[in-house]
Amino acid sequence: MPPTGLPPLSKGAHATHCKRCLSGLPSSQIDIDPAKMALSFYCLGFLDLSGELVAKSKDWEREQWKEWIWSQQTRGPYGTGFRPSSYMTAAKYAEYSDHDTPQIIMTYTALLSLSILRDNFSHLDRKGILKFLKSCQNSDGSFSSEPLGGDSDLRTTFCAFSISSMLDDWSGMDVSNALQFISSCRTYEGGYGQSPSGEALGGTTYCALASLQLAEQLESLSTQDRHKTVRWLVQNQATNGGFRGRTNKDADACYCFWCGASLHVLGAGNLIDETAMSSFIASCQFRYGGIAKTPGEHPDPYHTYLSLAAVALLPPNPLGGASWALCPLDPLLNSTHQTSSWARAHIPAPKVDGDHALGDADT
């Protein structure tokens with residue numbers, strides 16, 4: 001056992017769990033099958049993060065996964081995006097109706113999943129995605145999950161910022177209005193709620209801070225506001241080493257990423273007890289693979305990926321042991337640095353004179 005007392009990280013078993021979930025879900029998780037695109041990202045994301053993607057899959061499987069993702073790209077009157085899954089939908093590439101529109105979170109996860117699989121994005125309808133983003137933005141600056149409604153909060157707004165950043169084209173949104181919406185979600189505690197007047201949450205605080213950094217607007221936060229946010233986030237690390245998502249709640253493995261990455265974005269990652277955090281995550285490992293939200297619960301790809309994303313960003317080095325070594329993480333796009341670099345190199349359209357830049361995308 002490593003000197004820190006950390007048990008080994010069962011990367012191989014966790015990779016097998018995620019690979020298995022790409023093929024079919026256990027009965028405890030079938031309720032998330034209609035959101036298969038996001039589930040696929042968490043599975044592929046872990047395989048990428050652990051360096052197990054090539055070892056745990058064959059060439060034909062990776063090609064098959066890419067083909068399935070592309071089959072969810074759909075076009076229509078509100079632009080182009082990706083659907084959550086093929087559940088109750090028409091043939092691939094069919095034009096959608098008002099009852100089968102693409103979804104903004106699934107579009108974000110589809111782009112990252114294709115980057116993990118090193119696709120060349122020759123099928124990507126970039127102009128259509130920009131039109132889709134415009135169709136999703138509301139008058140208050142927020143983004144709905146779908147053009148005709150759905151969830152509208154900081155999660156979907158973060159996805160719009162991430163998609164724009166990956167495209168290297170911000171003409172699909174009113175950036176100034178979106179930044180005002182983010183500011184309106186800030187709470188007295190220093191965190192950010194899902195929407196104005198909402199309770200501060202670790203996940204939406206990450207979404208706010210990452211969006212600001214993607215838009216190169218993090219410096220707009222005053223020193224006092226930064227300190228208040230850092231204080232709230234640090235206080236969310238519980239005595240068992242995990243992070244809670246809300247004040248006075250129990251720790252949950254996924255918040256190790258949401259809160260840990262938020263502190264990293266603010267340049268305060270050194271305030272985290274990384275070894276205690278990794279110890280909590282280790283206690284959430286399921287003996288047959290996968291990581292659960294808390295010790296003793298059923299594992300799932302969501303908590304498996306986000307837990308290990310936190311470890312990749314805030315490793316328990318130098319005493320964590322070789323099993324805890326993971327690929328470095330880009331905290332803004334929430335992917336490995338290699339995948340993030342691939343996305344930024346292959347998703348944008350070739351630059352020509354007159355392309356929109358961030359500064360003139362507000363019109």
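Nothing fancy with the numbering, it's 1 onward along the sequence. Treat the numbers as computed from the prediction; the structure is a model and nothing was measured.
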Exercise. Do F257 and Y305 make the cut of ring centroids closer than 6.0 angstrom?
Worked result: no
Exercise. Going by heavy atoms in the side chains, are Y206 and C259 under 4.5 Å from each other?
Worked result: no
Exercise. Does the salt bridge (charged side-chain N to carboxylate O under 4.0 Å, His left out) test come out yes or no for K66 and E63, once each step is laid out?
Worked result: CA-CA 5 Å; K66 285 195 286 187; E63 289 301 316; 3.1 Å; yes
For this session: Using modelled atom types only, decide if a donor and an acceptor are shared between the side chain of H264 and the backbone of G260 within a distance under 3.5 Å.
Result: no
Problem set entry | Enclosure of K293 NZ (heavy-atom neighbours >12, cutoff 6.0 Å) | no
Problem set entry | Linked hydrophobic residues, F286 as query - side chain contacts closer than 4.5 Å | Y288
Exercise. Side chains of S278 and T275: donor-acceptor distance under 3.5 Å anywhere?
Worked result: no
Exercise. Of all residues at least two apart in sequence or in a different chain, which pass the side chain to side chain contact (heavy atoms under 4.5 Å, CB included) check with A292?
Worked result: E297
Problem set entry | Derivation and outcome, side chain to side chain contact (heavy atoms under 4.5 Å, CB included), residues S40 and T109 | CA-CA 8 Å; S40 298; T109 55; over 6 Å; no
Problem set entry | Centroid-centroid under 6.0 Å between F161 and F143 rings | no
For this session: Could you give me the CA-CA distance, side-chain angles and deciding distance for V175 and L179, then say whether side chain to side chain contact (heavy atoms under 4.5 Å, CB included) is met?
Result: CA-CA 6 Å; V175 178; L179 292 172; 4.0 Å; yes
For this session: Check whether the ring centres of Y302 and Y42 lie less than 6.0 Å apart, and answer yes or no.
Result: yes
Exercise. Who are the side chain to side chain donor-acceptor pair (under 3.5 Å) partners of S144, not counting sequence neighbours?
Worked result: N138
For this session: Sort out for me which residue in E216, R344, Q213 forms a side chain to side chain donor-acceptor pair (under 3.5 Å) with S165.
Result: R344
Problem set entry | Flag, side chain of R244 to backbone of K249, donor-acceptor distance under 3.5 Å | yes
Problem set entry | R126 versus F121, closest heavy-atom pair with distance | NH2-O, 3.5 Å
Exercise. Between T107 and Q103, is there a donor-acceptor pair closer than 3.5 Å when you use the side chain of the first and the backbone of the second?
Worked result: yes
